[in-house]
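Here is the structure we will look at.
When a residue number appears, it is its place in the shown sequence, counting from 1. Below, each value reflects all heavy atoms present in this structure, side chains not excepted, and no hydrogens, waters or symmetry copies. Counting starts at 1 for both ligands and their atoms, following the listed order.
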Amino acid sequence: MSSSPLDLVREFHLAVGLAVRSTPAEVSPELAAHRGELLAEEAAEVAEVSVTGPLDRLAHELADVVYVAYGTALVHGIDLDAVIAEIHRSNMTKRGPDGRIDRRADGKVLKGDHYEAPDVAGVLRRQGWVPGGE
Ligand SMILES: [Mg+2]
């Protein structure tokens, strides 16, 4: 797949008349709650099939989570690709300059001394977000 999910989900939202904003902004509490519920439903479906499978069902539900997450971002006017790039930048700093990685007993990668937290607010401001404004 060459397109970002952002392009695909934008096409879907425009095709069926769902909201698409180009600048980050808070939306009505009703719409925000509705989007949150949609995402929670899809996340619950992932949890349901994570262990039992089958694998095609897990793949389907994972894609639903990503699709609904991108849709929720579009509804709020968030360029989610840019936010993911910032999360990735931050995650890569979990590896020290010497390449060393600290892990918890269960394998989770820990934040080392060189870890830089993601600046998501900065990303949204660059997209035109005015915190607390409309
Ligand atoms: Mg689903």
Using only N, O or S atoms, tell me which atom of Asp64 is closest to the Mg ion (ligand 1). OD2

So for atom CZ, which belongs to Arg10, do other residues, nucleotides or ligands contribute more than 12 heavy atoms lying within a distance under 6.0 Å? yes

State plainly whether one hydrophobic cluster holds both Leu62 and Leu39, where clusters connect Ile, Leu, Val, Met, Phe, Trp and Tyr through side-chain heavy atoms under 4.5 angstrom apart. yes

Measure the CD-NZ distance between Glu116 and Lys111 for me, rounded to the nearest 0.5 Å. 13.0 Å

Test of geometry: compute the angle OE1(Glu61)-the Mg ion (ligand 1)-OE1(Glu45) and round it to 10°. 80°

Just give me the atom name: the N, O or S atom of Glu42 closest to the Mg ion (ligand 1). OE1

Quick one: does any side-chain atom of His13 pair with a main-chain N or O of Ala19 as donor and acceptor, under 3.5 Å? yes

N/O/S of Glu41 less than 2.8 Å from the Mg ion (ligand 1)? no

